[in-house]
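Inspection log for the structure reproduced underneath, given as structure tokens.
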Amino acid sequence: DAGVIQSPRHEVTEMGQEVTLRCKPISGHNSLFWYRQTMMRGLELLIYFNNNVPIDDSGMPEDRFSAKMPNASFSTLKIQPSEPRDSAVYFCASRLGQDGQPQHFGDGTRLSIL
Amino acid sequence: GDSVTQMEGPVTLSEEAFLTINCTYTATGYPSLFWYVQYPGEGLQLLLKATKADDKGSNKGFEATYRKETTSFHLEKGSVQVSDSAVYFCALGDDKIIFGKGTRLHILP
């Protein structure tokens with residue numbers, strides 16, 4: 001089975017531009033998570049969805065960040081406008097069910113905002 | 001709220017040495033506990049898990065036991081290899097998962 005697929009793998013753009021990160025979860029998984037990883041702050045949960053519905057977005061840094069999950073096989077994380085401090089590796093993960101089931105991570109998108 | 005504390009790295013060992021990476025947690029109830037591993041340029045991968053007290057998770061020679069009395073889930077391996085060099089994350093949770101800050105492990109040949 002294919003794992004979690006993220007695109008692009010790398011993104012370099014100038015500050016002020018809109019950035020869209022994409023994620024395709026593992027087929028049949030019903031929970032999806034977006035994380036941000038930096039050296040300073042480690043791994044931070046931004047938002048997660050159960051059955052395509054956002055459950056907890058308390059980790060979203062500010063209004064410049066938004067996430068959608070229009071169907072069970074696709075999610076986007078958008079940053080508009082982007083700032084240099086948004087530079088990080090962004091991971092998407094999916095999970096089947098709850099109650100202690102593990103999350104499966106994609107390989108991440110390395111984002112650099114100049 | 002729930003939290004995970006793991007030993008800061010980096011940890012540097014010689015090949016075939018014994019490994020322990022400490023992890024303690026604070027939680028309401030008895031959540032599942034996990035160890036994930038991250039290799040360079042990749043996402044996190046589940047290494048092992050335990051879902052209740054006294055459970056032992058094991059995989060690829062790594063082990064960790066869910067200790068309720070000491071609120072710990074220490075990762076151990078009897079003989080490490082160069083290929084074990086990676087960042088290791090302790091985590092807890094049944095819905096939203098809370099990760100520790102990670103411990104970087106270097107194994108020297």
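In what follows, chains are A, B, ... by sequence order, proteins preceding strands, each numbered from 1.
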(request) Please tell me if the side chains of A:Q103 and B:F34 come closer than 4.5 Å, counting only heavy atoms from C-beta onward. (result) no
(request) Go through the atoms of B:Q38 and report whether side chain, backbone, both or neither lie under 4.5 Å from a heavy atom of chain A. (result) side chain
(message) Checking B:D94 now: which residues fulfil salt bridge (Lys or Arg N to Asp or Glu O under 4.0 Å) with it, not counting sequence neighbours?
(response) none
(message) Which atoms of A:Q101 are under 4.5 Å from chain B, going by heavy atoms: the side chain, the backbone, both sets, or neither?
(response) both
(request) Would you check if A:R95 and B:D95 make a side-chain contact, meaning some heavy-atom pair closer than 4.5 Å? (result) yes
(message) Heavy-atom cut-off 4.5 Å, strictly under: side chain, backbone, both or neither for A:R9 against chain B?
(response) side chain
(request) Using a cut-off of under 4.5 Å on heavy-atom pairs, state which of B:G102, B:G41, B:G43, B:S32 scores highest against chain A. (result) B:G43
(request) Would you indicate whether the side-chain heavy atoms of A:Y48 and B:K96 approach each other to under 4.5 Å? (result) yes
(request) Evaluate whether atom CD of A:E83 has more than 12 neighbouring non-hydrogen atoms of other residues, nucleotides or ligands under 6.0 angstrom away. (result) yes
(request) Can you establish whether the number of heavy atoms outside B:Y30 located under 6.0 Å from its atom OH is more than 12? (result) no
(message) What verdict does the side-chain contact (heavy atoms from CB on, under 4.5 Å) test give for B:L44 and A:L43, after you've listed the backbone C-alpha separation in whole Å, the side-chain angles of each residue and the deciding distance to 0.1 Å?
(response) CA-CA 10 Å; B:L44 280 69; A:L43 193 65; 3.9 Å; yes
(request) Answer yes or no: are there more than 12 heavy-atom neighbours, outside A:N71 itself, under 6.0 Å from its atom CG? (result) yes
(request) Would you name the heavy atoms of B:L46 and A:P102 that are closest together and state the gap between them? (result) CD2-CB, 3.4 Å
(request) Verify the neighbour count for atom CZ of A:R64: are there more than 12 heavy atoms of other residues, nucleotides or ligands below 6.0 Å? (result) yes
(request) Would you give the length of the straight line joining atom CZ of B:F99 to atom OH of A:Y35, rounded to the nearest 0.5 angstrom? (result) 4.5 Å
(request) Determine whether more than 12 heavy atoms belonging to other residues, nucleotides or ligands lie under 6.0 Å from atom CD of A:E14. (result) no
(request) Kindly work out whether a path of hydrophobic side-chain contacts (I/L/V/M/F/W/Y, heavy atoms less than 4.5 Å apart) joins A:V4 to A:F74. (result) no
